[in-house]
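Structure first, then comments.
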Amino acid sequence: MITAKKKIMTMAAALLAALWPAAALAQEEQQISAGDTAFVLTSAAMVLFMTVGLGFFYGGLVRRKNILSVLMQCMFMMCLISVIWVLYGYSLAFGPSVGGFIGSLDWVGLKGVGLAPSDSYGTTVPHFAFMTFQGMFAIITPALIVGAFAERMRFAGFVVFSILWVTFIYAPVCHWVWGSGGFLLGMGALDFAGGTVVHINAGIAAVVTAVVLGKRSGYPERTSSPHHIPFVVLGAGILWFGWFGFNAGSALGANGLAAGAFVATNTAAAAGGLAWAVIEWIRDKKPTSIGVATGVVAGLVAITPAAGFVGPVSAILIGAGSSVIGFIGVAFLKPRFGYDDSLDAFGVHGLGGIWGALATGLFASTAVNPNGADGLFFGNAAQFGIQAVSVAVTIVYALIGTFIICKVVDAVIGLRVSAEEERIGLDLTQHHESGYTVLD
Amino acid sequence: MITAKKKIMTMAAALLAALWPAAALAQEEQQISAGDTAFVLTSAAMVLFMTVGLGFFYGGLVRRKNILSVLMQCMFMMCLISVIWVLYGYSLAFGPSVGGFIGSLDWVGLKGVGLAPSDSYGTTVPHFAFMTFQGMFAIITPALIVGAFAERMRFAGFVVFSILWVTFIYAPVCHWVWGSGGFLLGMGALDFAGGTVVHINAGIAAVVTAVVLGKRSGYPERTSSPHHIPFVVLGAGILWFGWFGFNAGSALGANGLAAGAFVATNTAAAAGGLAWAVIEWIRDKKPTSIGVATGVVAGLVAITPAAGFVGPVSAILIGAGSSVIGFIGVAFLKPRFGYDDSLDAFGVHGLGGIWGALATGLFASTAVNPNGADGLFFGNAAQFGIQAVSVAVTIVYALIGTFIICKVVDAVIGLRVSAEEERIGLDLTQHHESGYTVLD
Amino acid sequence: MITAKKKIMTMAAALLAALWPAAALAQEEQQISAGDTAFVLTSAAMVLFMTVGLGFFYGGLVRRKNILSVLMQCMFMMCLISVIWVLYGYSLAFGPSVGGFIGSLDWVGLKGVGLAPSDSYGTTVPHFAFMTFQGMFAIITPALIVGAFAERMRFAGFVVFSILWVTFIYAPVCHWVWGSGGFLLGMGALDFAGGTVVHINAGIAAVVTAVVLGKRSGYPERTSSPHHIPFVVLGAGILWFGWFGFNAGSALGANGLAAGAFVATNTAAAAGGLAWAVIEWIRDKKPTSIGVATGVVAGLVAITPAAGFVGPVSAILIGAGSSVIGFIGVAFLKPRFGYDDSLDAFGVHGLGGIWGALATGLFASTAVNPNGADGLFFGNAAQFGIQAVSVAVTIVYALIGTFIICKVVDAVIGLRVSAEEERIGLDLTQHHESGYTVLD
Amino acid sequence: MKYIIAIIQPDRLEAVQKLLGEKQVNLLTVSQTMGHGRQMGITRVYRGRREAGDLLKKIKLEIAVNDDYLDSTVDAIKKGARTGEIGDGKIFIFNLEDCVRIRTGETGSVAIG
Amino acid sequence: MKYIIAIIQPDRLEAVQKLLGEKQVNLLTVSQTMGHGRQMGITRVYRGRREAGDLLKKIKLEIAVNDDYLDSTVDAIKKGARTGEIGDGKIFIFNLEDCVRIRTGETGSVAIG
Amino acid sequence: MKYIIAIIQPDRLEAVQKLLGEKQVNLLTVSQTMGHGRQMGITRVYRGRREAGDLLKKIKLEIAVNDDYLDSTVDAIKKGARTGEIGDGKIFIFNLEDCVRIRTGETGSVAIG
Ligand SMILES: Nc1ncnc2c1ncn2[C@@H]1O[C@H](COP(=O)(O)OP(=O)(O)O)[C@@H](O)[C@H]1O
Ligand SMILES: Nc1ncnc2c1ncn2[C@@H]1O[C@H](COP(=O)(O)OP(=O)(O)O)[C@@H](O)[C@H]1O
Ligand SMILES: Nc1ncnc2c1ncn2[C@@H]1O[C@H](COP(=O)(O)OP(=O)(O)O)[C@@H](O)[C@H]1O
């Protein structure tokens, strides 16, 4: 008996050990910098918190009957991707490169990923710290798409879509741009914290899902009544706060580069908010709080790829430019082309991301970051070309890939709720709950 | 005159100095690591923020008329315990051990606790940083109990109960497990960040208070109408964010151990959320947002004692297991036994804490943390026994101790509001306020 | 063609470079401490988040029809000052001193401010980190004033007022107290994290704006109906959390001093909350949640100048004292003198700041911080005198300066909305929005 | 046809609904109101200022019934809503001229149920 | 003069208002209510506990009209609010004794519009 | 017995209540509504899209009175609610058939006050 029990245990231990061998952990802490580690872990926590903020930013914009569906999609993404990332996502995105296109499955279950620093990524912090920091990016990216299909997607369809999207779209694009050996990285594309990987990727997926799912019933007359604007402001506030982790944390250390990215981030956010307010002031005599919140996010989006490569004056131009482009997107392009990008995930993240990635090719300066490159305005037109190629590649891949995924999920599970469910609201029909009680 | 004045001043100075002598501060900063200190202080801030999050997690679940009472209890706990901790709480919990059972009063008023690192606790950070980090744990633990007696406790009774509980239950148990010389620590019990000290302790106290106070009037028919589910999600989001400080911060340094605990924490939270969703999906066809939020918290609870001792695959099992057990607790045990644990403080924290503490005895691995121990699945059945003993000791002590405190407070001050006050709501009757205006 | 294009680009690059030269960045990272940098950057993010928290703290206190106006003012301040700070604000406040009264314009556009540490400020962190950390203080200070003129100020007037105020009041006072060469600093005035610069400054400006704008219509009968008290608690919670960045971050490093300031901050906040509750308990039989939240903020305000100079027992006295004084301010002085300081920006920040700055002159101890000074209770009455002078100077300057700015803005743009706009609410009339939908 | 408006204590809604159901009166409309009656409001305190809180939360029920259902409906409300304390509320009865079921276009008595 | 109370589905408000406008009926008062009718509520789930959600959100319209406007008003509501599904709601018609315009003090028919 | 429904501007409630109190009319029920009248709504702006905000917040008062109190009640409302601006609102008066005090079971005139 005892031997049998022991045997089972040894087997179980072997199983666990197989998935996560001790060896990887043995020699930790040799070159770990406590300061850098503190910064990367804190940043990772802040990036996770962004997805909560995103839930409220989006949630405040929907109608009362759909608030929980949005919060749920964001929260569920945190759960789903965190587990996927550990199981195979990180391996696909950052594992040893297969021809520059995808990570191998060598690191499945974090095999070989340990508490000692990696050789390639964040070499002064535990590999685990880099892994989890990156995991938080993999969470928020698909969560951004939620804004496009809000108020009409089936929850089951949403879950399967998200799994496929993170696997087949996010992981490869992430590998190309940030993975050691990734082909866009090899080409010299600059993306400090995720202009292509995060924002263009999600923004293009957004417009695709919006088109495939079709408009909300009643769009555009009866759909834009943000039920709780303070939540929009709260969400924007949390996003701004967390974005410091996103961008400055992408320095992977607490150093001058991080400080520079921090300042660029803050300045671009502010300039974005101001620019949107100015546009509204001119056009409608009054700036709105949703407008300023949107402008702040637009500014943050655009500075993301550039944060570690540009100075504060460039950051003002990038941030303000993003609001101008975003405003054109949501106020003119959207009505013109008639797609229903419910909460403007494409208008803000897609367009802002494209602008930011290209602007990096304009404003980047080796004076700011010697390990970066000079942009067109600093005499290196080639960099702009490289950026344009990386933008184009990402757009094409995200467009086609997301379209295929949408069609597959729609055929197998169904993407859209019934008209009746849409009328009653997703909270009650998809989650058996309603956000607020009316009587009590 | 002048001399008299001077004399008084000197006396006052002496008084202040007596409570907090200069000597302790003299030789600071010799072995302080800036990185570790940054991490521990940031973590402490995050753990404080958790209690705010807890207020919203709980507050969204109660009826509209009681929202402020819950927020107030959490906020008041932050005030009350912060002062107690500095005056005598820290001394009781971490002061020089009196036979392994309680800290002495040598460190009353933080006498002898200074800005230089302690010899025993967090030796690379200022002693003050360790002290305040621990103080945040002492705040949230009694705040967790609030969930059990929500919507019916007198505020005066609550205050006295909390003072007695933190003094006679929290401080000793904390000393046993974490205090230098504590007897459970000596036995080899593993509790990385508070499975026994925080969650079992609070969870058992929860069920005791729920039973002693009795059910809310109308329970169970008219009591479970969460008035503001977005607050529940906000609270869960803040808790998840802050929990990184709780668990990774418990490494008391920014190192591989912290990164490991961080990843285990995130993974278990996610697995907990997924598992709860899956259960609901099977049972009711749809997952709820309260369900996922609850599962996340259940996962976080269970990983707390294990975070620094297990790898990510084990974390998935621990987190998911906690949701299964928690679901059984709230959906079957609670109705079966008929106690009214209003917001499931026992169901989630008590049961999750027990599971987590035992699971640490199953999944702990010296491969992950050489300073820890191997658990049963890694060939060391003894550790499971030790864990079981520490669980049992905590349960018995918390059960009896809380019961006595409840009875004493009930007799002297009264624990429960009148039926009329309960009907009108605690906000108006206990605090002269109501949460939201109806007309304006 | 090509040459023309090149020429333009070179010019553009020269323009950008002129504003932010490469030289400043060249030799970064020589003496940068990663731990200190991690701490200062994280603290800066937390201080930014405070302004979001302040928006909710204030926003919950106003009537439903004005919630967005308050959130907007806070959010807009984040945008406005962030850009101003980079363009010229930092130079005015911290640039090379012009006779101790104001910084020169040498650092306009952050010229000469780089990623390497400054010689004078935060010498172990990138100059940019110090710059942005200070920028967050420049944001929250004018945002505090919002509490005084809430519910009746024109948005356009608000914007111009804020620009002038930060330029002509904040920047100079900041320079006097913290700028290298500042005259109050030279005098030996102690202000660890902003008692004079932030709280007295804003508090005095608050009372001036309240008087110049006049009372809200219906004051005091129909004006104090806080529409959403949970937001007040959320805001207070975020403020408490962020204040650790404010005060401990002001140590500009992760060291014993930071830990001491952290503990003083937490203890004073708690004591403030308790003291307000006790006052209410005695006076009205029940403590309120707004009361405790207000007391917490009062405690935090008062400890701000003292945080790095006093021990925890002094912190209790300072925090509790601030609530006593604040309560007298809002419950007796305000009705007595009849000014309508809508949300008690003067009562809490002005009075608390004055108390805190003077209390620093009472309780400061070189035993706690050898680089500080002893206060009156530690035998150095002179320090109290210095503190009193710095308080008086700040009061006089803020009083006169703010009055002039108010009058100028009122004459040129208009400070106050029309009676009709006030009745309908600022959200609809100033921002074309309303906070919450009623029907949906 | 009669139209009944009843103002009741918020926590009595469930009891009233249950008793109404027993009398086959299942259709009703409910809303949130504030009432000022003989019941004293509870003083509110805001930063040292006391304010007489003269309005208390109440629930308003609206039920259209055919005449033969009037008594049983009023009885059910009376029974379900009664606690015996001041603040229990009132029932107001109106003459209802006509009633239309939107879905079918039916009018009068037949449209009520 | 008549007073019309209509209970409709929340998402039909805009359609009703548009049709009313076409009939020159522009003045109305709208509020949020919960209704229990023939339409089944949706079960709610709370931590493993299922609860019959018997009240659904509805919108209540109140419109005072002169007698000659009654039919067109009722028609507009019927047309705008109808989806053909259970839950479309009801229209209740009352006799209105008098009406006062607060601003001018006018009473009766003239005060209605 | 009469039943008065008054729609007033939100910020006039306190004045009305005060004047009613002077006339010994202390019992009333208040709710939140949205009204569309002659008063123009305020245009809302949402990300570059302008929307005519046609509903404005109003307060609805409901007061049941005995006939001899009708005039003084209406007067008090008229006086308290009047600002002279468009949007001041309306008072609607109904015949009330019966009234029941739930606590005591009293009916008719005696139950009203
Ligand atoms: N005459 C009335 N007109 C309108 N509403 C009334 C009237 N009398 C009572 N109410 C409503 O009924 C509620 C309960 O009335 P109250 O006088 O407190 O109780 P009781 O009927 O037990 O004396 C009030 O809060 C108010 O909403
Ligand atoms: N007799 C009634 N009294 C009060 N309200 C009613 C009555 N009948 C219906 N209602 C209201 O109308 C709504 C719709 O009624 P329901 O029976 O669901 O639809 P339908 O009229 O299409 O059968 C209900 O939710 C309720 O608010
Ligand atoms: N005929 C009506 N039916 C229902 N509600 C009305 C009617 N006329 C006015 N109201 C209500 O009264 C409010 C004020 O009316 P309005 O026409 O703006 O003001 P005034 O009475 O000063 O002309 C409206 O918003 C609406 O709620």
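Convention: sequence-line order gives letters A, B, ...; per-chain numbering from 1. The model shown is predicted, which means the values in this text are computed figures rather than measured ones.
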*Could you pull out the closest heavy-atom pair between D:I8 and D:A81, with the gap in Å?*
CG2-CB, 3.7 Å
*Could you tell me whether the side chain of D:D88 and the main chain of D:R82 form a donor-acceptor pair under 3.5 Å?*
no
*Side chain, backbone, both or neither: which part of F:L13 has a non-hydrogen atom closer than 4.5 Å to chain D?*
side chain
*Looking only at heavy atoms, which of residues 23-35 of chain D get nearer than 4.5 Å to chain F?*
D:Q32, D:T33, D:M34, D:G35
_Taking atom OH as the centre, does F:Y69 end up with more than 12 heavy-atom neighbours from other residues, nucleotides or ligands that are less than 6.0 angstrom away?_
no
*Heavy-atom contact with chain F under 4.5 Å, split by part of D:K90*: both
_Assess the residue pair F:I77 and F:I63 against the criterion (side-chain contact (heavy atoms from CB on, under 4.5 Å)); give the C-alpha distance rounded to whole Å, side-chain angles, the decisive distance to 0.1 Å, and a yes or no._
CA-CA 11 Å; F:I77 299 175; F:I63 311 178; 4.1 Å; yes
*Taking D:Q9 for its side chain and D:G87 for its backbone only, find out whether a donor-acceptor pair lies under 3.5 Å.*
yes
*How many angstroms lie between CD1 in F:I42 and CG in F:L56, if you round to the nearest 0.5 Å?*
6.5 Å
*Work out which heavy atom in F:R12 is nearest to a heavy atom in F:G80; give both atom names and the distance.*
NE-O, 3.2 Å
*Under a 4.5 Å heavy-atom cut-off, does chain F meet the side chain of D:I7, its backbone, both or neither?*
both
_D:I86, part contacting chain F, at a heavy-atom distance under 4.5 Å_ = both
*Looking at CG of F:D71 and NZ of F:K78, how far apart are the two atoms once the value is rounded to the nearest 0.5 Å?*
9.0 Å
*When rounded to the nearest 0.5 angstrom, what is the spacing between CG in D:L55 and CD in F:Q17?*
5.0 Å
*Does D:N66 reach the main-chain N or O of D:M1 with its side chain, forming a donor-acceptor pair under 3.5 Å?*
no
*Can you tell which of D:K79, D:K60, D:K2 has the highest number of heavy-atom pairs within less than 4.5 Å of chain F?*
D:K60
_Part of residues 93-113 of chain D lying next to chain F, heavy-atom separation under 4.5 Å_ = D:I93, D:F94, D:N95
*Report yes if some heavy atom in the side chain of D:L70 is under 4.5 Å from a heavy atom in the side chain of D:I4; otherwise report no.*
yes
_Under a 3.5 Å distance rule, please check whether F:R44 uses its side chain to pair with a backbone N or O of F:E51 as donor and acceptor._
no
